[in-house]
Amino acid sequence: MPRRTPQSRRKRPSDAAHNPSCPCGLAETYEKCCGRFHEGGVAAPTAEALMRSRYSAFVKRDEGYLLRTWHPRTRPARVDFEPGLRWTGLEVLETTDGSAFHSTGTVTFRASYRGGALHERSRFERVDGAWVYVDGEFPG
């Protein structure tokens, strides 16, 4: 009977579920998912897609993308990334409007990080046809 070595082991399906290809949690690779938005060639088609891509941008510390997708009225001068913060997962809890047929939308989500979670209801608007993040509130 042949012995299994660590190199001959195959990755179990459950391993993949804990390490999704794109930080936003969808099964696509980063390049086919949020990466294409980060590169700037295409805009996120929905408020949820923008929120997911912004989460991925926080994971990757992509300040340029975060600022480009922030509403001009509420955009800060810069993004201050918290040193040592490690994002570990995203769960979309609810979306309201925010499709190709809307001009506004909200996305409620829970973004986990090592040691806790951020629960936010984010507001999005279209500016010149593109979705942008306006602001968020923290439901109780």
Side-chain angles (χ1 to χ4, degrees):
M1 187 154 124
R3 266 179 49 172
R4 289 186 118 183
T5 64
Q7 292 82 11
S8 68
R9 280 196 201 157
R10 292 193 176 205
K11 215 178 209 186
R12 294 182 315 230
S14 62
D15 291 341
H18 295 298
N19 295 309
S21 296
C22 187
C24 81
L26 296 180
E28 287 288 345
T29 63
Y30 167 74
E31 291 76 19
K32 289 184 178 179
C33 194
C34 295
R36 62 195 175 115
F37 304 135
H38 293 175
E39 289 176 358
V42 63
T46 64
E48 181 180 333
L50 180 65
M51 188 280 308
R52 287 180 176 280
S53 70
R54 286 177 56 83
Y55 170 82
S56 291
F58 272 103
V59 170
K60 296 197 169 279
R61 296 179 179 257
D62 185 343
E63 180 182 37
Y65 181 77
L66 291 167
L67 292 175
R68 281 194 311 276
T69 58
W70 214 307
H71 196 291
R73 185 176 72 239
T74 58
R75 179 187 308 136
R78 60 179 241 219
V79 177
D80 292 320
F81 296 105
E82 200 168 314
L85 183 67
R86 183 168 166 0
W87 295 102
T88 59
L90 176 67
E91 180 184 7
V92 174
L93 304 173
E94 179 182 24
T95 61
T96 304
D97 298 336
S99 76
F101 304 105
H102 301 105
S103 58
T104 63
T106 63
V107 180
T108 304
F109 65 91
R110 181 175 297 112
S112 301
Y113 55 88
R114 189 170 283 151
L118 169 72
H119 183 195
E120 181 175 317
R121 181 178 301 114
S122 296
R123 290 188 323 123
F124 298 88
E125 291 180 12
R126 283 187 184 266
V127 172
D128 297 328
W131 286 106
V132 293
Y133 170 78
V134 177
D135 58 19
E137 62 184 29
F138 306 103

Practice problem: Could you check Phe109 against Glu120 for side chain to side chain contact (heavy atoms under 4.5 Å, CB included), going step by step and ending with a plain yes or no? | Solution: CA-CA 6 Å; Phe109 65 91; Glu120 181 175 317; 3.7 Å; yes
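Side-chain atoms of Tyr30 and Val59, non-hydrogen and from C-beta on, never get closer than 4.5 Å to each other. At least one side-chain heavy atom of Ser56 sits less than 4.5 Å from a side-chain heavy atom of Cys22.
The OG atom of Ser21 sits 9.0 Å away from the CD atom of Glu31 when rounded to the nearest 0.5 Å. Rounded to the nearest 0.5 Å, atoms SG (Cys24) and CZ (Phe58) are 15.0 Å apart. With rounding to the nearest 0.5 Å, the separation of CD in Glu137 from OG1 in Thr108 is 8.0 Å. Here Phe124 contributes atom CZ and Thr104 contributes atom OG1; the two are 11.5 Å apart, rounded to the nearest 0.5 Å. With rounding to the nearest 0.5 angstrom, the CZ atom of Arg73 is 7.5 Å from the CG atom of Asp135. Distance CD/Glu125 to NE2/His102: 14.0 Å, rounded to 0.5 Å.
For the pair Lys60 and Tyr65, the cation-pi criterion (under 6.0 Å, within 45° of the ring axis) is not fulfilled.
For the residue pair Tyr55 and Ser112, the shortest heavy atom distance occurs at OH-O, 4.2 Å. Considering every non-hydrogen atom in both Tyr113 and Leu118, the closest pair reads CE2-N, 3.9 Å. A pairwise comparison of heavy atoms in His119 and Phe138 identifies O-CD2, 3.3 Å as the closest pair. Taking all atoms of both residues into account, the shortest heavy-atom contact from Arg78 to Asp80 is NH2-OD1, 2.5 Å. Closest approach of Thr96 and Glu94 over heavy atoms only: OG1-OE2, 4.1 Å. Residues Val92 and Thr95 approach most closely at CG1-CG2, 4.0 Å, considering heavy atoms.
Looking only at distances, a side-chain donor or acceptor of Thr74 sits under 3.5 Å from a matching main-chain atom of Val134.
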Would you mind writing out the side-chain donor-acceptor pairs for residues 39-51 within the sub-3.5 Å range, not counting sequence neighbours?
unit_1: Thr46; atom_1: OG1; unit_2: Ala49; atom_2: N; d: 3.0
unit_1: Glu48; atom_1: OE2; unit_2: Arg52; atom_2: NE; d: 3.0
unit_1: Glu48; atom_1: OE2; unit_2: Arg52; atom_2: NH2; d: 3.4

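Note: the hydrophobic cluster containing Val127 does not contain Phe37 (ILVMFWY, side chain heavy atoms under 4.5 Å, direct or indirect links). The hydrophobic clustering, which links ILVMFWY residues whose side-chain heavy atoms are closer than 4.5 Å, places Trp131 and Leu26 apart. Cluster annotation: Val107 is not connected to Val132 through the hydrophobic network of ILVMFWY side chains, with a link wherever side-chain heavy atoms come within less than 4.5 Å.
When the side chain to side chain contact (heavy atoms under 4.5 Å, CB included) test is applied to Arg75, the partners found at least two apart in sequence or on another chain are Leu67, Trp70, Pro72.
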